Amino acid sequence: MSEPPHDPTGESAQLGGVHIKYLHHCPRQLWLYTRGYRPEQRSDLVAFGEVIDDTTYTRRRDIDLGEAKIDWVTTGAIVHETKSSRAPAPAHAAQVRHYCLLLERRGVAVRGGVVHYPLVRRTTDVPWDATARAEAEAAETRARAVIATPTAPDRLPRPRCRGCSYLDYCWGD
Ligand code: SF4
């Protein structure tokens with residue numbers, strides 16, 4: 001018997017770090033992404049981020065959870081995430097909390113996370129406790145609600161779209 005077709009908008013669809021990152025950046029971006037619109041695959045900014053990621057920590061190994069790829073995890077279950085940007089953003093911590101949640105659901109006793117900003121030689125700690133778990137679960141719920149809406153959420157105000165790889169689609173630039 002063949003399996004039912006995978007529905008990325010379905011309630012059981014797995015959410016990865018990208019979903020959570022886009023939720024925080026722009027719900028419309030999350031909605032478009034889950035429907036297969038992927039201009040970020042050819043975005044210079046994304047390519048730059050991948051180069052930073054690949055060349056900064058050459059000895060670490062990705063942890064592939066299927067729905068999410070974690071940059072690396074160190075002893076004591078500390079989740080590490082590398083960003084090519086120069087400034088911390090709420091989306092970065094949210095992404096790490098989501099990874100903590102996914103690991104915990106697999107039975108890992110997670111201790112917390114760290115976001116690395118190699119361009120400015122800076123790190124920020126992401127605590128993992130009951131509050132962080134509740135935030136991660138709430139983000140999942142919000143993401144599923146956005147994904148389930150039948151029409152695309154409104155665009156953000158234009159100044160907030162600066163640098164977004166979906167600019168062409170949303171604004172016809
Ligand atoms: S261009 Fe603006 S409205 Fe469109 S997905 Fe990006 S941030 Fe959202």
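Start at 1 and go down the list; that is how both ligands and their atoms are numbered. Since this is a predicted model, take the numbers as computed values, not measurements.
- At a cut-off of 2.8 Å, measuring from atom 6 (Fe) of ligand 1, the protein N, O or S atoms that fall short of it are Cys164 SG, waters left aside.
- The pair Arg144-Glu137 does not count as a salt bridge, with every side-chain nitrogen at least 4.0 angstrom from each carboxylate oxygen.
- Using a 4.5 Å cut-off between side-chain heavy atoms of Ile, Leu, Val, Met, Phe, Trp and Tyr, with links allowed through other members, Ile70 and Val126 fall into the same hydrophobic cluster.
- A salt bridge is absent between Arg106 and Glu104: the closest approach of a Lys/Arg side-chain nitrogen to an acidic carboxylate oxygen does not fall below 4.0 angstrom.
- One finds the CZ atom of Arg97 at 12.5 Å from the CZ atom of Arg133 (value rounded to the nearest 0.5 Å).
- Arg111 forms no cation-pi arrangement with Trp128, by the criterion of a distance under 6.0 Å to the ring centre and an angle within 45° of the ring axis.
- Judged by the 6.0 Å and 45° rule, Arg38 forms a cation-pi pair with Tyr33.
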